[in-house]
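To start, the structure under review is shown below, and the notes come after it.
Order of listing sets the numbers, starting from 1, for every ligand and every atom in it. Here, residue 1 is the first one in the sequence, and each next residue gets the next number.
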Amino acid sequence: MRIVYHDVVIVGSGLAGLRAAVEIAGKHDVAVLSKLHPLRSHSGAAQGGISAALGNAGEDSPLWHAYDTVKGSDFLADQYAVEVMCNDAPRAIIELEHMGVPFSRLESGRIAQRPFGGHTSNYGRAPVRRTCYAADRTGHVCLNTLYEQSLLRNVSFYAEYQVLDLCMSDGAVNGVVATDLKTGEIMIFHARSVVLATGGYGKAWKTTSNAFANTGDGLGIALDNGIPLQDMEFVQFHPTGLYQLGILITEAARGEGGILRNGEGERFMERYAPSIKDLAPRDIVSRSIYEELRYGRGAGPLKDHVLLDLTGLSKKAIAEKLPEIESFAKTYLGVDPVQAPIPVQPTCHYAMGGIPSDVNGRVTRDSEGSEVSGLWAIGEVACVSVHGANRLGSNSLLDLIVFGRRAGKDINRYLDRVCLAPLPLDIGRGLQAVRQVDALKRRRTGETVHQIRSDLQRVMMEYVSVFRDEEGLKKAVGDITLLQERAARLKVVDQGRVFNTELLEAIELQHMVNYSKAVAVAALERKESRGAHSRDDYPKRDDGSWLRHSLYYFEKGGGYRYEQKPVDLSLASRYSMFVPKERKY
Ligand code: SIN
(Lines give C-alpha, C1' and ligand atoms only; values in the text may rest on other atoms or scores of the structure.)
Protein backbone atom coordinates (compact mmCIF):
# COMPACT_ATOMS: atom_id res chain seq x y z
CA MET A 1 0.00 0.00 0.00
CA ARG A 2 1.34 3.41 -0.98
CA ILE A 3 2.10 5.72 1.95
CA VAL A 4 2.59 9.46 1.51
CA TYR A 5 3.88 11.72 4.30
CA HIS A 6 2.97 15.35 5.08
CA ASP A 7 3.27 17.15 8.42
CA VAL A 8 -0.36 18.22 8.18
CA VAL A 9 -3.19 16.70 6.19
CA ILE A 10 -6.34 18.79 5.81
CA VAL A 11 -9.40 16.93 4.56
CA GLY A 12 -11.66 19.36 2.70
CA SER A 13 -10.83 22.31 0.49
CA GLY A 14 -13.55 24.79 1.36
CA LEU A 15 -12.81 28.13 3.00
CA ALA A 16 -11.99 26.69 6.44
CA GLY A 17 -9.55 24.09 5.08
CA LEU A 18 -7.86 26.57 2.74
CA ARG A 19 -7.59 29.27 5.40
CA ALA A 20 -5.87 26.79 7.73
CA ALA A 21 -3.57 25.65 4.90
CA VAL A 22 -2.53 29.23 4.12
CA GLU A 23 -1.60 29.71 7.78
CA ILE A 24 0.49 26.55 7.97
CA ALA A 25 2.19 26.68 4.55
CA GLY A 26 5.76 27.91 4.63
CA LYS A 27 6.14 26.78 8.23
CA HIS A 28 5.25 23.11 7.84
CA ASP A 29 4.55 20.77 4.95
CA VAL A 30 0.77 20.82 4.41
CA ALA A 31 -1.48 18.87 2.06
CA VAL A 32 -5.16 19.41 1.27
CA LEU A 33 -7.23 16.39 0.22
CA SER A 34 -10.64 16.81 -1.32
CA LYS A 35 -13.16 14.62 -3.07
CA LEU A 36 -13.74 17.58 -5.40
CA HIS A 37 -11.60 20.03 -7.27
CA PRO A 38 -11.02 22.71 -4.56
CA LEU A 39 -12.92 25.34 -6.53
CA ARG A 40 -16.01 23.10 -6.49
CA SER A 41 -16.15 23.19 -2.67
CA HIS A 42 -19.53 24.22 -1.30
CA SER A 43 -18.20 27.40 0.37
CA GLY A 44 -18.30 28.77 -3.18
CA ALA A 45 -22.10 28.59 -3.12
CA ALA A 46 -22.42 31.09 -0.24
CA GLN A 47 -23.99 34.11 -1.83
CA GLY A 48 -24.90 37.02 0.39
CA GLY A 49 -21.82 37.86 2.41
CA ILE A 50 -19.61 37.72 5.47
CA SER A 51 -20.34 39.61 8.67
CA ALA A 52 -18.00 41.96 10.54
CA ALA A 53 -18.63 45.08 12.61
CA LEU A 54 -16.52 47.30 10.35
CA GLY A 55 -18.97 50.17 10.75
CA ASN A 56 -18.50 51.28 7.13
CA ALA A 57 -22.20 51.91 6.59
CA GLY A 58 -23.39 53.03 10.02
CA GLU A 59 -22.22 52.74 13.62
CA ASP A 60 -21.42 49.19 14.74
CA SER A 61 -19.43 47.28 17.34
CA PRO A 62 -18.13 43.71 17.85
CA LEU A 63 -20.09 43.53 21.11
CA TRP A 64 -23.36 44.28 19.29
CA HIS A 65 -22.39 41.59 16.77
CA ALA A 66 -21.75 39.14 19.62
CA TYR A 67 -25.09 40.01 21.22
CA ASP A 68 -26.98 39.38 17.97
CA THR A 69 -25.13 36.09 17.47
CA VAL A 70 -25.94 34.86 20.98
CA LYS A 71 -29.56 36.01 20.78
CA GLY A 72 -29.88 34.54 17.27
CA SER A 73 -28.52 31.23 18.62
CA ASP A 74 -31.40 31.20 21.13
CA PHE A 75 -28.71 31.49 23.83
CA LEU A 76 -27.17 28.07 23.13
CA ALA A 77 -23.94 29.40 21.58
CA ASP A 78 -20.80 29.25 23.72
CA GLN A 79 -20.29 32.90 24.54
CA TYR A 80 -16.49 32.94 24.75
CA ALA A 81 -16.27 31.44 21.24
CA VAL A 82 -18.74 34.05 19.96
CA GLU A 83 -16.70 36.84 21.54
CA VAL A 84 -13.52 35.50 19.90
CA MET A 85 -15.20 35.33 16.49
CA CYS A 86 -16.89 38.73 16.55
CA ASN A 87 -13.81 40.54 17.91
CA ASP A 88 -11.63 39.03 15.20
CA ALA A 89 -14.09 39.71 12.36
CA PRO A 90 -12.95 43.22 11.28
CA ARG A 91 -9.30 42.10 11.13
CA ALA A 92 -10.27 38.95 9.19
CA ILE A 93 -12.12 40.97 6.53
CA ILE A 94 -9.25 43.40 5.99
CA GLU A 95 -6.90 40.45 5.70
CA LEU A 96 -9.16 38.88 3.03
CA GLU A 97 -9.22 42.20 1.21
CA HIS A 98 -5.41 42.34 1.25
CA MET A 99 -5.26 38.78 -0.07
CA GLY A 100 -7.29 39.93 -3.04
CA VAL A 101 -11.01 39.38 -2.36
CA PRO A 102 -12.84 41.82 -4.66
CA PHE A 103 -15.45 43.11 -2.22
CA SER A 104 -18.21 45.40 -3.50
CA ARG A 105 -17.56 49.04 -2.57
CA LEU A 106 -19.38 52.07 -1.21
CA GLU A 107 -19.12 55.40 -3.04
CA SER A 108 -16.39 56.29 -0.51
CA GLY A 109 -14.31 53.33 -1.67
CA ARG A 110 -14.74 51.44 1.59
CA ILE A 111 -15.97 47.83 1.64
CA ALA A 112 -19.76 47.83 1.14
CA GLN A 113 -22.00 46.34 3.83
CA ARG A 114 -25.65 45.26 3.69
CA PRO A 115 -28.28 44.27 6.27
CA PHE A 116 -28.81 40.56 7.00
CA GLY A 117 -31.26 38.68 9.21
CA GLY A 118 -30.87 39.19 12.96
CA HIS A 119 -27.97 41.66 12.69
CA THR A 120 -28.83 44.83 14.58
CA SER A 121 -27.30 47.90 16.14
CA ASN A 122 -27.43 48.79 19.80
CA TYR A 123 -28.61 45.41 21.12
CA GLY A 124 -31.59 44.91 18.86
CA ARG A 125 -32.70 48.48 18.25
CA ALA A 126 -32.65 48.47 14.41
CA PRO A 127 -31.18 46.47 11.50
CA VAL A 128 -27.52 47.30 10.85
CA ARG A 129 -25.45 47.04 7.65
CA ARG A 130 -22.86 44.52 8.87
CA THR A 131 -22.51 42.02 6.04
CA CYS A 132 -19.60 42.59 3.65
CA TYR A 133 -20.21 41.22 0.17
CA ALA A 134 -19.12 40.79 -3.40
CA ALA A 135 -22.49 41.14 -5.19
CA ASP A 136 -24.14 37.75 -4.48
CA ARG A 137 -21.00 35.71 -5.16
CA THR A 138 -19.17 36.26 -1.88
CA GLY A 139 -18.26 32.62 -1.17
CA HIS A 140 -17.14 32.15 -4.75
CA VAL A 141 -14.68 35.03 -4.71
CA CYS A 142 -13.34 34.15 -1.23
CA LEU A 143 -12.78 30.55 -2.34
CA ASN A 144 -10.94 31.58 -5.50
CA THR A 145 -8.76 34.01 -3.55
CA LEU A 146 -7.78 31.50 -0.88
CA TYR A 147 -7.10 28.84 -3.51
CA GLU A 148 -4.74 31.27 -5.27
CA GLN A 149 -3.06 32.08 -1.95
CA SER A 150 -2.63 28.35 -1.26
CA LEU A 151 -1.03 27.77 -4.67
CA LEU A 152 1.25 30.74 -4.08
CA ARG A 153 2.47 29.11 -0.86
CA ASN A 154 2.99 25.68 -2.46
CA VAL A 155 0.29 23.83 -0.55
CA SER A 156 0.11 20.27 -1.96
CA PHE A 157 -3.33 19.46 -3.34
CA TYR A 158 -4.81 15.99 -3.77
CA ALA A 159 -8.02 16.70 -5.68
CA GLU A 160 -10.61 13.94 -6.13
CA TYR A 161 -9.46 11.80 -3.19
CA GLN A 162 -12.18 10.40 -0.94
CA VAL A 163 -11.20 9.99 2.71
CA LEU A 164 -12.20 6.60 4.14
CA ASP A 165 -10.91 6.55 7.72
CA LEU A 166 -8.53 8.03 10.27
CA CYS A 167 -5.25 6.34 11.22
CA MET A 168 -4.64 6.20 14.95
CA SER A 169 -1.79 5.12 17.23
CA ASP A 170 -2.26 4.99 20.99
CA GLY A 171 -5.45 7.03 20.75
CA ALA A 172 -3.74 9.80 18.74
CA VAL A 173 -4.63 10.55 15.13
CA ASN A 174 -1.67 10.30 12.77
CA GLY A 175 -3.05 10.11 9.27
CA VAL A 176 -5.95 9.23 7.03
CA VAL A 177 -6.82 6.43 4.64
CA ALA A 178 -8.12 7.72 1.30
CA THR A 179 -8.91 6.50 -2.18
CA ASP A 180 -7.88 8.24 -5.37
CA LEU A 181 -11.17 8.49 -7.26
CA LYS A 182 -9.31 8.71 -10.57
CA THR A 183 -7.66 5.29 -10.20
CA GLY A 184 -9.42 3.52 -7.31
CA GLU A 185 -6.10 3.15 -5.47
CA ILE A 186 -6.40 3.10 -1.67
CA MET A 187 -3.49 4.73 0.12
CA ILE A 188 -2.43 6.19 3.46
CA PHE A 189 -1.57 9.80 4.19
CA HIS A 190 0.71 9.70 7.21
CA ALA A 191 0.79 12.97 9.19
CA ARG A 192 1.49 14.59 12.53
CA SER A 193 -1.76 16.55 12.50
CA VAL A 194 -5.05 15.87 10.73
CA VAL A 195 -7.75 18.48 10.15
CA LEU A 196 -11.32 17.56 9.25
CA ALA A 197 -12.87 20.37 7.19
CA THR A 198 -15.35 18.29 5.22
CA GLY A 199 -18.31 20.68 5.38
CA GLY A 200 -22.02 20.13 5.92
CA TYR A 201 -24.51 17.33 5.51
CA GLY A 202 -27.72 18.73 4.03
CA LYS A 203 -27.89 15.97 1.43
CA ALA A 204 -29.81 13.77 3.88
CA TRP A 205 -32.88 15.96 3.22
CA LYS A 206 -34.85 15.93 -0.02
CA THR A 207 -35.15 19.70 -0.36
CA THR A 208 -31.78 21.32 0.23
CA SER A 209 -29.52 24.12 -0.93
CA ASN A 210 -26.55 21.78 -0.38
CA ALA A 211 -24.40 20.34 -3.15
CA PHE A 212 -24.29 16.62 -3.96
CA ALA A 213 -20.97 16.36 -2.12
CA ASN A 214 -22.44 17.49 1.24
CA THR A 215 -22.81 14.03 2.71
CA GLY A 216 -21.23 14.57 6.14
CA ASP A 217 -18.27 12.23 5.57
CA GLY A 218 -16.22 13.77 8.39
CA LEU A 219 -19.08 13.24 10.84
CA GLY A 220 -19.48 9.59 9.88
CA ILE A 221 -15.74 9.01 10.26
CA ALA A 222 -15.73 10.75 13.65
CA LEU A 223 -18.61 8.57 14.88
CA ASP A 224 -16.84 5.41 13.66
CA ASN A 225 -13.80 6.42 15.72
CA GLY A 226 -15.65 6.97 19.00
CA ILE A 227 -15.83 10.77 18.70
CA PRO A 228 -19.24 12.21 19.61
CA LEU A 229 -21.34 14.65 17.59
CA GLN A 230 -22.64 17.77 19.32
CA ASP A 231 -26.00 19.57 18.94
CA MET A 232 -27.02 17.55 15.90
CA GLU A 233 -30.72 18.34 16.41
CA PHE A 234 -30.15 21.90 15.19
CA VAL A 235 -30.44 21.97 11.41
CA GLN A 236 -31.18 25.24 9.68
CA PHE A 237 -33.78 25.61 6.94
CA HIS A 238 -33.06 28.72 4.88
CA PRO A 239 -36.38 30.49 4.25
CA THR A 240 -35.83 31.13 0.57
CA GLY A 241 -34.99 28.15 -1.59
CA LEU A 242 -36.27 28.18 -5.16
CA TYR A 243 -39.70 26.50 -5.21
CA GLN A 244 -39.48 22.72 -5.73
CA LEU A 245 -35.70 22.87 -6.27
CA GLY A 246 -34.29 24.16 -2.99
CA ILE A 247 -31.56 26.19 -4.72
CA LEU A 248 -30.48 29.08 -2.49
CA ILE A 249 -31.92 32.55 -3.03
CA THR A 250 -29.75 34.66 -0.80
CA GLU A 251 -31.00 36.44 2.30
CA ALA A 252 -29.29 39.47 0.76
CA ALA A 253 -32.37 39.70 -1.48
CA ARG A 254 -34.32 40.71 1.64
CA GLY A 255 -31.34 42.72 2.93
CA GLU A 256 -31.55 44.80 -0.25
CA GLY A 257 -35.30 45.38 0.23
CA GLY A 258 -37.05 42.20 -0.96
CA ILE A 259 -40.31 41.34 0.82
CA LEU A 260 -41.91 37.98 1.55
CA ARG A 261 -45.60 37.77 0.65
CA ASN A 262 -48.16 35.03 1.10
CA GLY A 263 -50.67 33.90 -1.54
CA GLU A 264 -52.91 36.82 -0.60
CA GLY A 265 -50.13 39.32 -1.30
CA GLU A 266 -49.75 40.13 2.40
CA ARG A 267 -46.35 40.97 3.96
CA PHE A 268 -46.82 38.28 6.59
CA MET A 269 -43.54 38.81 8.50
CA GLU A 270 -45.10 41.94 10.04
CA ARG A 271 -47.17 39.52 12.11
CA TYR A 272 -44.31 37.32 13.34
CA ALA A 273 -41.44 39.80 13.84
CA PRO A 274 -43.02 43.28 14.01
CA SER A 275 -39.78 45.16 14.53
CA ILE A 276 -37.39 43.64 11.98
CA LYS A 277 -39.93 41.78 9.78
CA ASP A 278 -38.30 40.03 6.80
CA LEU A 279 -34.90 40.42 8.44
CA ALA A 280 -35.71 38.22 11.41
CA PRO A 281 -33.35 35.24 11.96
CA ARG A 282 -33.87 32.26 9.67
CA ASP A 283 -35.48 29.90 12.18
CA ILE A 284 -38.25 32.45 12.77
CA VAL A 285 -38.80 33.25 9.08
CA SER A 286 -38.89 29.58 8.03
CA ARG A 287 -41.38 28.75 10.78
CA SER A 288 -43.51 31.75 9.81
CA ILE A 289 -43.62 30.55 6.20
CA TYR A 290 -44.83 27.12 7.33
CA GLU A 291 -47.42 28.77 9.58
CA GLU A 292 -48.77 30.66 6.57
CA LEU A 293 -48.97 27.41 4.59
CA ARG A 294 -50.69 25.66 7.55
CA TYR A 295 -53.35 28.40 7.56
CA GLY A 296 -53.94 27.91 3.83
CA ARG A 297 -52.35 31.22 2.85
CA GLY A 298 -49.75 29.76 0.48
CA ALA A 299 -49.30 30.84 -3.13
CA GLY A 300 -49.99 28.96 -6.36
CA PRO A 301 -52.65 26.35 -7.13
CA LEU A 302 -51.30 24.02 -4.39
CA LYS A 303 -50.83 26.87 -1.87
CA ASP A 304 -47.51 25.22 -0.96
CA HIS A 305 -45.04 28.11 -1.21
CA VAL A 306 -44.68 31.85 -0.65
CA LEU A 307 -43.35 34.67 -2.81
CA LEU A 308 -40.17 36.72 -2.59
CA ASP A 309 -41.05 40.09 -4.05
CA LEU A 310 -38.14 42.07 -5.49
CA THR A 311 -40.25 44.18 -7.80
CA GLY A 312 -39.71 47.21 -5.54
CA LEU A 313 -35.98 47.14 -6.40
CA SER A 314 -34.71 48.79 -9.54
CA LYS A 315 -33.50 46.71 -12.51
CA LYS A 316 -30.05 48.28 -11.95
CA ALA A 317 -29.95 47.32 -8.25
CA ILE A 318 -30.86 43.71 -9.04
CA ALA A 319 -28.30 43.52 -11.86
CA GLU A 320 -25.52 44.98 -9.71
CA LYS A 321 -26.22 43.46 -6.30
CA LEU A 322 -28.09 40.22 -7.02
CA PRO A 323 -27.02 39.04 -10.48
CA GLU A 324 -26.76 35.35 -9.56
CA ILE A 325 -30.23 35.06 -8.14
CA GLU A 326 -31.68 37.00 -11.06
CA SER A 327 -30.17 34.41 -13.34
CA PHE A 328 -31.28 31.44 -11.14
CA ALA A 329 -34.89 32.66 -11.08
CA LYS A 330 -34.91 33.14 -14.85
CA THR A 331 -33.11 29.89 -15.66
CA TYR A 332 -34.88 27.49 -13.32
CA LEU A 333 -38.36 28.99 -12.91
CA GLY A 334 -38.64 31.28 -15.92
CA VAL A 335 -39.35 34.24 -13.58
CA ASP A 336 -37.79 37.65 -14.13
CA PRO A 337 -37.54 39.07 -10.57
CA VAL A 338 -37.64 42.63 -11.94
CA GLN A 339 -41.17 41.94 -13.17
CA ALA A 340 -42.64 39.26 -10.86
CA PRO A 341 -42.12 37.73 -7.41
CA ILE A 342 -40.03 34.54 -7.09
CA PRO A 343 -41.79 31.40 -5.74
CA VAL A 344 -39.78 30.17 -2.72
CA GLN A 345 -39.95 27.60 0.08
CA PRO A 346 -37.67 26.76 3.04
CA THR A 347 -34.72 24.55 2.12
CA CYS A 348 -32.34 22.56 4.31
CA HIS A 349 -29.26 24.75 4.38
CA TYR A 350 -26.86 24.52 7.32
CA ALA A 351 -25.84 22.31 10.23
CA MET A 352 -25.28 24.07 13.54
CA GLY A 353 -24.10 20.79 15.09
CA GLY A 354 -21.01 18.78 14.34
CA ILE A 355 -17.74 17.49 15.76
CA PRO A 356 -17.13 19.19 19.12
CA SER A 357 -14.09 21.42 18.90
CA ASP A 358 -12.63 24.31 20.88
CA VAL A 359 -11.75 27.84 19.71
CA ASN A 360 -8.47 26.51 18.26
CA GLY A 361 -10.21 23.73 16.34
CA ARG A 362 -9.02 20.97 18.69
CA VAL A 363 -11.48 18.09 18.69
CA THR A 364 -12.85 17.14 22.10
CA ARG A 365 -14.30 13.78 22.96
CA ASP A 366 -16.41 14.31 26.12
CA SER A 367 -18.24 16.78 28.31
CA GLU A 368 -14.98 17.57 30.16
CA GLY A 369 -13.39 18.80 26.94
CA SER A 370 -10.67 16.08 26.76
CA GLU A 371 -8.78 16.46 23.49
CA VAL A 372 -8.37 13.92 20.73
CA SER A 373 -4.64 14.20 20.20
CA GLY A 374 -3.57 15.03 16.63
CA LEU A 375 -7.07 15.93 15.39
CA TRP A 376 -8.65 19.30 14.54
CA ALA A 377 -12.10 20.05 13.06
CA ILE A 378 -13.10 23.38 11.49
CA GLY A 379 -15.92 24.83 9.44
CA GLU A 380 -19.39 23.39 9.12
CA VAL A 381 -18.30 19.88 10.12
CA ALA A 382 -17.29 21.31 13.52
CA CYS A 383 -19.36 22.61 16.42
CA VAL A 384 -17.35 25.26 18.27
CA SER A 385 -20.21 26.31 19.13
CA VAL A 386 -20.69 29.84 17.79
CA HIS A 387 -24.11 29.27 16.24
CA GLY A 388 -25.89 27.43 19.04
CA ALA A 389 -29.43 26.53 18.05
CA ASN A 390 -29.63 28.86 15.04
CA ARG A 391 -26.97 30.56 12.92
CA LEU A 392 -27.31 34.13 11.70
CA GLY A 393 -26.85 34.60 7.97
CA SER A 394 -23.30 35.64 6.96
CA ASN A 395 -21.80 34.34 10.22
CA SER A 396 -20.87 31.11 8.46
CA LEU A 397 -18.18 32.48 6.16
CA LEU A 398 -16.83 34.38 9.15
CA ASP A 399 -16.66 31.19 11.25
CA LEU A 400 -14.68 29.46 8.45
CA ILE A 401 -12.13 32.24 8.13
CA VAL A 402 -11.64 32.97 11.83
CA PHE A 403 -11.45 29.39 13.10
CA GLY A 404 -9.58 28.12 10.02
CA ARG A 405 -6.80 30.61 10.79
CA ARG A 406 -6.84 29.85 14.52
CA ALA A 407 -6.55 26.11 13.86
CA GLY A 408 -3.63 26.79 11.50
CA LYS A 409 -1.83 28.81 14.18
CA ASP A 410 -2.54 26.18 16.82
CA ILE A 411 -1.15 23.42 14.58
CA ASN A 412 2.00 25.46 13.96
CA ARG A 413 2.50 25.79 17.73
CA TYR A 414 1.77 22.08 18.24
CA LEU A 415 4.24 20.98 15.57
CA ASP A 416 6.94 23.35 16.81
CA ARG A 417 6.56 22.09 20.34
CA VAL A 418 5.22 18.60 20.56
CA CYS A 419 6.84 15.86 18.57
CA LEU A 420 9.88 15.59 16.35
CA ALA A 421 8.77 12.56 14.41
CA PRO A 422 5.33 11.33 13.41
CA LEU A 423 3.89 8.54 15.52
CA PRO A 424 4.50 5.09 14.00
CA LEU A 425 1.84 4.17 11.51
CA ASP A 426 -0.59 1.30 11.96
CA ILE A 427 -1.43 0.31 8.39
CA GLY A 428 -4.20 -1.96 9.69
CA ARG A 429 -6.73 0.82 8.98
CA GLY A 430 -5.63 0.93 5.35
CA LEU A 431 -5.90 -2.83 4.93
CA GLN A 432 -9.31 -2.81 6.59
CA ALA A 433 -10.50 -0.17 4.11
CA VAL A 434 -9.28 -2.30 1.20
CA ARG A 435 -11.19 -5.32 2.57
CA GLN A 436 -14.36 -3.25 3.10
CA VAL A 437 -14.31 -1.83 -0.42
CA ASP A 438 -13.65 -5.30 -1.90
CA ALA A 439 -16.53 -6.82 0.07
CA LEU A 440 -18.84 -4.02 -1.09
CA LYS A 441 -17.94 -4.61 -4.72
CA ARG A 442 -18.23 -8.41 -4.46
CA ARG A 443 -21.78 -8.37 -3.05
CA ARG A 444 -24.22 -9.49 -5.75
CA THR A 445 -27.53 -9.01 -3.95
CA GLY A 446 -29.03 -6.06 -2.11
CA GLU A 447 -30.54 -2.70 -2.96
CA THR A 448 -28.85 0.12 -4.83
CA VAL A 449 -27.70 3.33 -3.16
CA HIS A 450 -30.42 5.32 -4.88
CA GLN A 451 -33.32 3.40 -3.29
CA ILE A 452 -31.99 3.71 0.25
CA ARG A 453 -30.89 7.35 -0.11
CA SER A 454 -34.32 8.42 -1.46
CA ASP A 455 -36.02 6.75 1.50
CA LEU A 456 -33.66 8.49 3.91
CA GLN A 457 -34.29 11.88 2.31
CA ARG A 458 -38.04 11.34 2.53
CA VAL A 459 -37.89 10.33 6.22
CA MET A 460 -35.71 13.33 7.17
CA MET A 461 -37.95 15.70 5.24
CA GLU A 462 -41.15 14.33 6.72
CA TYR A 463 -40.20 13.89 10.39
CA VAL A 464 -36.97 15.81 11.06
CA SER A 465 -37.47 19.16 9.36
CA VAL A 466 -38.74 22.52 10.67
CA PHE A 467 -41.56 21.23 12.94
CA ARG A 468 -41.09 18.02 14.92
CA ASP A 469 -42.96 15.94 17.49
CA GLU A 470 -42.44 12.82 19.55
CA GLU A 471 -44.47 10.52 17.33
CA GLY A 472 -42.70 11.60 14.14
CA LEU A 473 -39.24 11.52 15.70
CA LYS A 474 -39.77 8.03 17.12
CA LYS A 475 -40.86 6.92 13.67
CA ALA A 476 -37.77 8.57 12.18
CA VAL A 477 -35.39 6.84 14.64
CA GLY A 478 -37.01 3.46 13.85
CA ASP A 479 -36.97 4.03 10.10
CA ILE A 480 -33.35 5.22 10.09
CA THR A 481 -32.29 2.16 12.11
CA LEU A 482 -33.80 0.01 9.35
CA LEU A 483 -32.09 2.16 6.73
CA GLN A 484 -28.75 1.59 8.51
CA GLU A 485 -29.33 -2.16 8.18
CA ARG A 486 -30.32 -1.83 4.51
CA ALA A 487 -27.27 0.35 3.83
CA ALA A 488 -25.01 -2.29 5.39
CA ARG A 489 -26.30 -4.80 2.80
CA LEU A 490 -26.40 -2.66 -0.35
CA LYS A 491 -24.79 -3.68 -3.63
CA VAL A 492 -22.60 -1.76 -6.06
CA VAL A 493 -23.18 -2.69 -9.68
CA ASP A 494 -20.22 -0.79 -11.21
CA GLN A 495 -17.11 -2.95 -10.86
CA GLY A 496 -14.72 -0.40 -12.38
CA ARG A 497 -11.85 1.36 -10.60
CA VAL A 498 -11.76 4.64 -12.51
CA PHE A 499 -14.18 7.28 -11.16
CA ASN A 500 -16.48 4.68 -9.65
CA THR A 501 -19.04 7.20 -8.44
CA GLU A 502 -21.47 4.45 -7.44
CA LEU A 503 -18.89 3.15 -4.98
CA LEU A 504 -18.27 6.69 -3.74
CA GLU A 505 -22.02 7.17 -3.16
CA ALA A 506 -22.22 3.85 -1.30
CA ILE A 507 -19.49 5.03 1.08
CA GLU A 508 -21.22 8.39 1.51
CA LEU A 509 -24.53 6.69 2.26
CA GLN A 510 -23.04 4.79 5.23
CA HIS A 511 -22.15 8.17 6.76
CA MET A 512 -25.53 9.68 5.88
CA VAL A 513 -27.58 7.05 7.69
CA ASN A 514 -25.31 7.21 10.74
CA TYR A 515 -25.34 11.00 11.25
CA SER A 516 -29.06 11.17 10.37
CA LYS A 517 -29.72 8.86 13.30
CA ALA A 518 -27.77 11.29 15.49
CA VAL A 519 -29.99 14.16 14.30
CA ALA A 520 -33.23 12.23 14.94
CA VAL A 521 -32.15 10.88 18.35
CA ALA A 522 -30.92 14.27 19.58
CA ALA A 523 -34.18 15.88 18.36
CA LEU A 524 -36.22 13.24 20.16
CA GLU A 525 -34.26 13.68 23.38
CA ARG A 526 -34.53 17.49 23.46
CA LYS A 527 -37.95 18.12 24.96
CA GLU A 528 -38.21 21.85 24.31
CA SER A 529 -38.25 24.26 21.36
CA ARG A 530 -35.09 26.29 20.80
CA GLY A 531 -33.81 27.98 17.63
CA ALA A 532 -34.15 25.71 14.64
CA HIS A 533 -35.44 22.83 16.79
CA SER A 534 -39.18 23.37 17.05
CA ARG A 535 -41.28 20.74 18.83
CA ASP A 536 -45.07 20.95 18.45
CA ASP A 537 -45.39 18.97 21.68
CA TYR A 538 -42.92 21.14 23.66
CA PRO A 539 -43.47 24.60 22.15
CA LYS A 540 -41.54 26.57 24.83
CA ARG A 541 -37.82 26.98 25.46
CA ASP A 542 -36.88 25.41 28.79
CA ASP A 543 -33.60 26.83 30.10
CA GLY A 544 -33.97 25.04 33.43
CA SER A 545 -33.65 21.60 31.85
CA TRP A 546 -32.25 22.25 28.40
CA LEU A 547 -29.74 25.09 28.37
CA ARG A 548 -27.21 22.34 27.53
CA HIS A 549 -25.37 20.99 24.52
CA SER A 550 -26.14 17.45 23.44
CA LEU A 551 -23.52 14.80 22.69
CA TYR A 552 -24.34 11.70 20.63
CA TYR A 553 -21.97 8.70 20.57
CA PHE A 554 -22.20 5.79 18.18
CA GLU A 555 -21.81 2.40 19.82
CA LYS A 556 -20.77 -0.57 17.72
CA GLY A 557 -23.68 -2.88 16.91
CA GLY A 558 -26.03 -0.02 16.06
CA GLY A 559 -26.58 1.39 19.57
CA TYR A 560 -25.89 4.92 20.77
CA ARG A 561 -25.19 6.92 23.90
CA TYR A 562 -26.59 10.38 24.65
CA GLU A 563 -24.97 12.88 27.02
CA GLN A 564 -25.06 16.60 27.71
CA LYS A 565 -22.52 19.31 28.40
CA PRO A 566 -22.87 22.84 29.80
CA VAL A 567 -23.13 26.02 27.73
CA ASP A 568 -20.46 28.68 28.25
CA LEU A 569 -22.14 31.88 29.53
CA SER A 570 -19.00 33.94 30.10
CA LEU A 571 -20.34 37.12 28.43
CA ALA A 572 -23.46 36.91 30.62
CA SER A 573 -21.23 37.10 33.70
CA ARG A 574 -19.95 40.51 32.47
CA TYR A 575 -22.91 41.97 30.55
CA SER A 576 -26.49 41.50 31.74
CA MET A 577 -27.97 41.55 28.21
CA PHE A 578 -26.24 38.23 27.48
CA VAL A 579 -28.20 36.47 30.23
CA PRO A 580 -30.66 34.10 28.48
CA LYS A 581 -34.12 35.58 28.11
CA GLU A 582 -37.07 35.34 25.76
CA ARG A 583 -36.16 36.19 22.15
CA LYS A 584 -38.25 39.00 20.65
CA TYR A 585 -37.76 40.69 17.27
C1 SIN B 1 -27.24 33.57 1.99
O2 SIN B 1 -26.65 34.35 1.24
O3 SIN B 1 -28.40 33.74 2.33
C4 SIN B 1 -26.51 32.38 2.49
C5 SIN B 1 -25.28 32.73 3.21
C6 SIN B 1 -25.35 32.17 4.59
O7 SIN B 1 -25.90 31.10 4.78
O8 SIN B 1 -24.85 32.84 5.51
If you have a sec, work out which protein heavy atom is nearest atom 1 (C) of ligand 1 and how many Å separate them, to one decimal? Thr250 OG1, 3.3 Å

Can you report which non-hydrogen protein atom sits closest to atom 6 (C) of ligand 1, along with the distance? Arg282 NH2, 3.2 Å

Residue portion contacting ligand 1 (non-hydrogen atoms closer than 4.0 Å) for Leu248: side chain

Looking only at side-chain N and O atoms, does Ser570 offer a donor or acceptor that is under 3.5 Å from a partner on Glu83? no

Please check if any side-chain donor atom of Gln162 sits under 3.5 Å from a side-chain acceptor atom of Asp217, or the reverse. yes

His238 heavy atoms, cut-off 4.0 Å: which ligand 1 atoms fall inside? 1 (C), 3 (O)

Just by distance, no angles: are the side chains of Asp74 and His533 close enough, under 3.5 Å, to form a donor-acceptor pair? no

Where ligand 1 meets Glu251 - atom numbers and elements under 4.0 angstrom, heavy-atom basis: 1 (C), 2 (O), 3 (O)

Heavy-atom pair with the smallest gap, counting every atom of Leu279 and Pro127: CD1-CB, 4.4 Å

Taking the six-membered ring for Trp, are the ring centroids of Tyr350 and His387 within less than 6.0 Å of each other? yes

Which of the atoms of ligand 1 are close to His349, meaning less than 4.0 Å from one of its heavy atoms? 4 (C), 6 (C), 7 (O)

Looking only at N/O atoms, are Arg391 and ligand 1 under 3.5 Å apart anywhere? yes

Contact partition for Arg254 relative to ligand 1, non-hydrogen atoms under 4.0 Å: neither

Report yes or no: do Ser41 and Ser13 form a side-chain donor-acceptor pair below 3.5 Å? yes

So if I count the atoms of ligand 1 from 1 in the order they appear, which ones are less than 4.0 Å from some heavy atom of Phe116? 2 (O)

Closest heavy-atom pair and its distance - Gly49, Ser394: O-CB, 3.3 Å

Within a distance under 4.0 Å of any heavy atom of Gly48, pick out the atoms of ligand 1 and give their elements. 1 (C), 2 (O)

Considering both backbone and side-chain atoms of Ser396, is one of its nitrogen or oxygen atoms within less than 3.5 Å of a nitrogen or oxygen in ligand 1? no

Could you tell me which atoms of ligand 1, counted from 1 in the order shown, lie closer than 4.0 angstrom to a heavy atom of Gly393? 8 (O)

Return the residue, atom name and 0.1 Å-rounded distance of the protein heavy atom closest to atom 8 (O) of ligand 1. Ser394 N, 2.7 Å

Do His119 and Asp68 have side-chain N/O donor and acceptor atoms under 3.5 Å apart? no

Within 45 degrees of the ring normal and closer than 6.0 Å to the centroid, is that where the cationic atom of Lys71 sits relative to Tyr585? yes

For ligand 1, which part of Tyr350 has a heavy atom less than 4.0 Å away: the side chain, the backbone, both, or neither? neither

